[in-house]
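Written out below as structure tokens is the structure these notes cover.
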Amino acid sequence: AEPDDQAAALDALRTRLGGRGRAGRDVLAGWTGSRKKLTRVGGHSNGYAYTFTDPDGEQYHSLTEAARAAERRLPGDAAGEEEEQPRPSSPRTKKAARVP
């Protein structure tokens with residue numbers, strides 16, 4: 001990918017993470033990213049295909065996957081732990097799914 005593509009891809013991922021209150025942190029240190037413009041028949045733009053690689057070499061092919069992976073890599077500090085507390089609420093979702 002060209003440097004502009006990498007910068008744009010990482011900016012898009014940073015924006016996605018910023019929605020979770022982490023815009024001020026450098027959670028993407030060591031990450032690389034690229035994006036490729038997708039086009040429809042006739043040459044019209046159809047968005048971008050993203051690829052991100054974390055510092056361990058694991059690849060992610062969507063902004064959502066990469067954002068989740070970046071959040072999992074955050075060190076457990078007080079602010080991060082407070083934000084992580086609501087996550088174990090997934091059993092509530094399962095219970096709600098069982099209710100007719």
Quick one: closest heavy-atom pair of [X] and [Y], and the distance?
X   : Y   : value
L28 : A70 : CD2-CB, 4.0 Å
S45 : G47 : OG-N, 3.5 Å
G33 : A9  : C-CB, 3.8 Å
F52 : A66 : CD1-CB, 3.6 Å

Measuring from atom [atom1] of [X] to atom [atom2] of [Y], what distance do you get when rounded to the nearest 0.5 angstrom?
X   : Y   : atom1 : atom2 : value
L38 : K36 : CG    : NZ    : 7.5 Å
T64 : H61 : OG1   : NE2   : 14.0 Å
R35 : L63 : CZ    : CG    : 10.0 Å

[Y] side chain reached by [X] side chain, heavy atoms, under 4.5 Å:
X   : Y   : result
R73 : D54 : yes
V27 : L17 : yes
T51 : Q59 : yes
W31 : T53 : no

message: Tell me if a side-chain donor or acceptor on D56 pairs with a main-chain N or O of E58 at a distance below 3.5 Å.
response: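 Not a single qualifying donor-acceptor pair exists.
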- prompt: According to the interplanar angle, ranging from 0 to 90°, do the rings of Y50 and Y48 count as parallel (below 30°), tilted (30 to 60°) or perpendicular (above 60°)?
  reply: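 Aromatic pair Y50/Y48 classed tilted.
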